[in-house]
Novice: 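Supplied in structure tokens, the structure appears directly below.
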Amino acid sequence: MTYSKLNTLQQQFSNCSDITFTESDNGMIIIHIKNKQASASICLQGAHILTFQPNNQEPVIWLSEEAKLAPGKSIRGGVPICWPWFGAHSSDSSLPTHGYARTTDWQLIQVQSLTDGRTQLEFEFSYSPTLPLPLSARYIVTIGTELDLKLISTNVSDTTIQLSNALHTYFQVGDVRDIRIHGLDGCEYIDTLVQNTRHTQDAAVIIDQEVDRIYLNTPRVIEIRDPGLNRRLCIHSRNSHSAIVWNPWIAKSERMGDLGKDGYLNMLCIETANAADDTVTLAPKAQHQLSAIYSIASL
Ligand code: TA6
């Protein structure tokens, strides 16, 4: 009897009551997590967190109502992993924007119900010689009242490798026109909409047009103050020196076609990253851990 990927996973992780698995008609495996603190879902392709919602709270993560889950295709919303490069590849335009991790199946290697009530899942991205860069990765996702993410990259080669990465997180907001982003005041940023010119952020960031900026040398704490949902979303990061702030606004949303009607009003990307000037130089056999913790606080 041939076992499907779904059956194999259900058998392998049958001892963990926090999770269940489903498979879509086109073969996309989704892991559903429910514990006493929160619920979430993760697509095996890209180890892509689709949803995260602490109990008795509005969702923290936004997923487009038009998001398409299909093999080899990126998903609009959630937490795409941009790896092992952010943006366009530096020299080969035939390679995918934001790298290949988000459109490739990862392996779920461990699931734990922690004693503090959180659920921890560990994913692995294995290197193969057919891949452009000699890098492997592990991704540890811990789900509780906070969402705790650790992306650990390993240089499996004997040469030095350039790594850029991002947790390309789409946050749910009440109305993006009313939010304020605190923590980036005084940071230099590259405005990708104005010929990659460099500017310095003055005061809180507001969103009143298309915004697509790579903030550099960023602090460890960035906050979204959201009067619409009457909350703050706090981003605590480690080993991230860049933050990309992106909202497509009206025209780009219409061109992209998969944000749903007025979807841009309820989403805001603040991406915990190492990009542009902050690209990481990874020595042979060295590791790099990019971490982010997302939490909710009162306004
Ligand atoms: O991180 C911002 C960005 O690079 C934008 O320029 C926009 O392209 C967004 O990512 C979405 O990219 P995707 O490849 O997921 O459509």
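Along the sequence shown, the residues carry numbers beginning at 1. Order of appearance sets the numbers: ligands from 1, and atoms from 1 within every ligand. Computation of the quantities below employed the complete heavy-atom set of this structure, encompassing side-chain atoms and omitting hydrogens, waters and symmetry-equivalent molecules.
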Novice: What I want to check is whether the side chains of H32 and T22 have a donor and an acceptor closer together than 3.5 Å.
Specialist: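 T22 and H32 do have a side-chain donor-acceptor pair below 3.5 Å.
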Novice: Which of these, R102, H168, H98, has its nearest heavy atom closest to atom 15 (O) of ligand 1?
Specialist: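 Ranked by closest heavy atom to atom 15 (O) of ligand 1, first place is R102.
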Novice: For ligand 1 and D212, I'd like to know whether there is a polar contact (N/O to N/O, distance under 3.5 Å).
Specialist: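 Looking only at distances, the answer is yes, because the N/O contact criterion of under 3.5 Å is met.
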Novice: Polar contacts were defined as any N/O atom of the residue lying under 3.5 Å from an N/O atom of the ligand; does this apply to E271 and ligand 1?
Specialist: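 Yes.
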Novice: Would you call R180 and D226 a salt bridge, taking side-chain N to carboxylate O under 4.0 Å as the test?
Specialist: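 No, this pair does not count.
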Novice: Which residue owns the protein heavy atom closest to atom 8 (O) of ligand 1, what's the atom, and how far is it?
Specialist: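 Of the protein heavy atoms, K252 NZ, 3.9 Å lies nearest.
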Novice: For F86, counting its heavy atoms only, list the atoms of ligand 1 lying under 4.0 Å from any of them.
Specialist: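 The atoms of ligand 1 under 4.0 Å from a heavy atom of F86 are 1 (O).
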Novice: Please list the nearest protein heavy atom to atom 16 (O) of ligand 1 with its residue and the distance rounded to 0.1 Å.
Specialist: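 Heavy-atom neighbour on the protein nearest atom 16 (O) of ligand 1: R76 NH2, 3.0 Å.
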Novice: Checking S41 against T51: is there a side-chain donor and acceptor pair closer than 3.5 Å?
Specialist: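 Short answer, yes.
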Novice: Is there a path of hydrophobic side-chain contacts, each under 4.5 Å between heavy atoms of I, L, V, M, F, W or Y residues, that connects V60 with L50?
Specialist: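 Unlinked, V60 and L50 end up in two clusters.
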Novice: Determine, using the 4.5 Å side-chain heavy-atom cutoff (strictly less than), whether I19 and I42 are members of one ILVMFWY cluster.
Specialist: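 Cluster IDs for I19 and I42 match.
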